Chemist: 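Take this structure, written in structure tokens, and hold onto it; I'll ask about it next.
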Amino acid sequence: MQMVASGAFAGTVAFAVSAGAATFLAPCAYPLLPGYISYYVGRDDSDTGGAIVRGTAAAIGALVVLVTVAGVLFTAGTAVVSHLTLLEPIIGVALIVLGALFALGHAPTLHMQLPERRSSVGGFAVFGGVYALAAAGCVVPVFVGVVTQSLTLSTGKAAVVLLAYALSVAVPLAAVTVLGALGSYAFRGLSKYIGSVQRIAGVVMVLAGLWQVVISLQFLGWV
């Protein structure tokens with residue numbers, strides 16, 4: 001029984017990590033990166049060390065925003081956890097629909113302007129926060145799905161799941177900033193594969209949605 005519980009927790013963490021990757025690649029936010037990277041590459045003082053500092057700042061900005069929003073939703077969700085089983089099938093269906101859109105290359109888009117470009121480290125942290133909000137807003141079912149799954153866990157395990165999700169958005173954001181310091185060619189080389197990765201993320205979301213629907217319906221005794 002303990003092994004089953006451990007396996008379920010590991011599966012939830014794995015879902016949170018894949019959900020974070022899908023969030024980072026969300027069409028609502030990812031188009032913001034080339035312009036921001038081009039801005040960084042155009043800086044006279046751009047270097048790998050400076051990129052690591054600024055990339056870390058952007059990652060921290062994204063991390064703070066996502067952890068804060070997820071924490072608020074988790075706290076609010078504990079008040080309605082008894083109704084969670086009724087919400088899970090709906091979220092599962094939403095994941096399937098959104099995943100299918102990702103897989104077919106028709107995910108929703110949102111045009112956002114970059115925050116004012118500042119050379120300060122704080123400016124990069126602001127960008128990280130804006131990027132995280134835009135990305136999470138684009139894939140709301142994914143974000144809510146991670147939070148609802150964390151509600152079934154203890155507080156400590158839920159914190160691990162939510163942190164895994166946030167880090168899966170923040171770490172790639174830091175990485176592309178470093179790539180920006182290495183030159184726009186490196187970033188363009190990575191961008192060639194984004195469409196394929198987005199489609200793979202879409203398939204993962206569909207499978208996660210199907211799993212969530214089946215499990216929740218079985219728990220409700222409807223199948």
Side-chain angles (χ1 to χ4, degrees), residues 10 12-41 46 48-75 102 107 110 112 114-115 117-147 149-150 153 156-182 186-187 190-191 193-194 197-198 200-201 204-205 208:
T12 302
V13 173
F15 170 69
V17 171
S18 62
T23 302
F24 172 72
L25 296 169
C28 297
Y30 193 79
L32 296 177
L33 285 176
Y36 204 75
I37 294 301
S38 296
Y39 157 73
Y40 184 80
V41 171
S46 62
T48 303
I52 293 175
V53 172
R54 292 178 172 85
T56 301
I60 291 174
L63 195 65
V64 169
V65 167
L66 289 176
V67 169
T68 299
V69 175
V72 170
L73 291 178
F74 178 81
T75 302
F102 262 69
L110 176 68
M112 289 188 63
L114 291 167
R117 293 170 177 143
R118 299 186 177 92
S119 60
S120 67
V121 173
F124 282 79
V126 170
F127 172 75
V130 171
Y131 186 92
L133 281 177
C138 182
V139 290
V140 169
V142 173
F143 186 56
V144 175
V146 173
V147 175
Q149 288 197 15
S150 70
L153 304 171
K157 289 183 176 181
V160 171
V161 170
L162 296 178
L163 185 60
Y165 170 78
L167 284 173
S168 297
V169 179
V171 172
L173 186 57
V176 297
T177 306
V178 176
L179 281 177
L182 299 178
F187 183 76
L190 176 66
S191 297
Y193 303 100
I194 293 304
V197 176
Q198 285 179 334
I200 293 173
V204 172
M205 281 192 284

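If you're wondering where the values come from, they're calculated on a predicted model, not measured in any experiment.
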Chemist: Looking only at non-hydrogen atoms, find the nearest pair between G55 and A174 and report the distance.
Modeler: O-CB, 3.4 Å
Chemist: Taking only residues two or more places apart in sequence, or in another chain, which ones meet I60 in a side-chain contact (heavy atoms from CB on, under 4.5 Å)?
Modeler: T56, V64
Chemist: Is V161 close to F15 at the side-chain level, that is, under 4.5 Å between some pair of heavy atoms?
Modeler: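 Answer no - side chains too far apart.
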Chemist: Where do G129 and V65 come nearest, in terms of heavy atoms and distance?
Modeler: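 Distance-wise, the nearest heavy atoms are CA-CG2, 3.6 Å.
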Chemist: Are the side chain of Y131 and the backbone N or O of V126 linked by a donor-acceptor pair below 3.5 Å?
Modeler: no
Chemist: So do the side chains of S150 and F74 get within less than 4.5 Å of each other, counting heavy atoms only?
Modeler: yes
Chemist: Which heavy atom of L153 sits nearest to which heavy atom of A158, and what is that distance?
Modeler: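 Minimum heavy-atom separation between L153 and A158: CB-N, 4.0 Å.
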Chemist: Measure across V169 and G20 and return the closest heavy-atom pair with its distance rounded to 0.1 Å.
Modeler: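 The pair with the smallest heavy-atom distance is CG2-O, 3.3 Å.
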Chemist: Side chain to side chain contact (heavy atoms under 4.5 Å, CB included) with L162: which of V146, L167, L66?
Modeler: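 Passing option: V146.
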Chemist: Looking at every heavy atom in both L173 and A59, which two are closest together, and how far apart are they?
Modeler: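 Looking at all heavy atoms of both residues, the closest pair is CD2-N, 4.5 Å.
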Chemist: Could you pull out all residues at least two apart from F143 that satisfy ring-ring contact (aromatic ring centres under 6.0 Å, His included)?
Modeler: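 F143: ring-ring contact (aromatic ring centres under 6.0 Å, His included) contacts with Y165.
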Chemist: Could you pull out the closest heavy-atom pair between A16 and A164, with the gap in Å?
Modeler: CB-CB, 4.5 Å
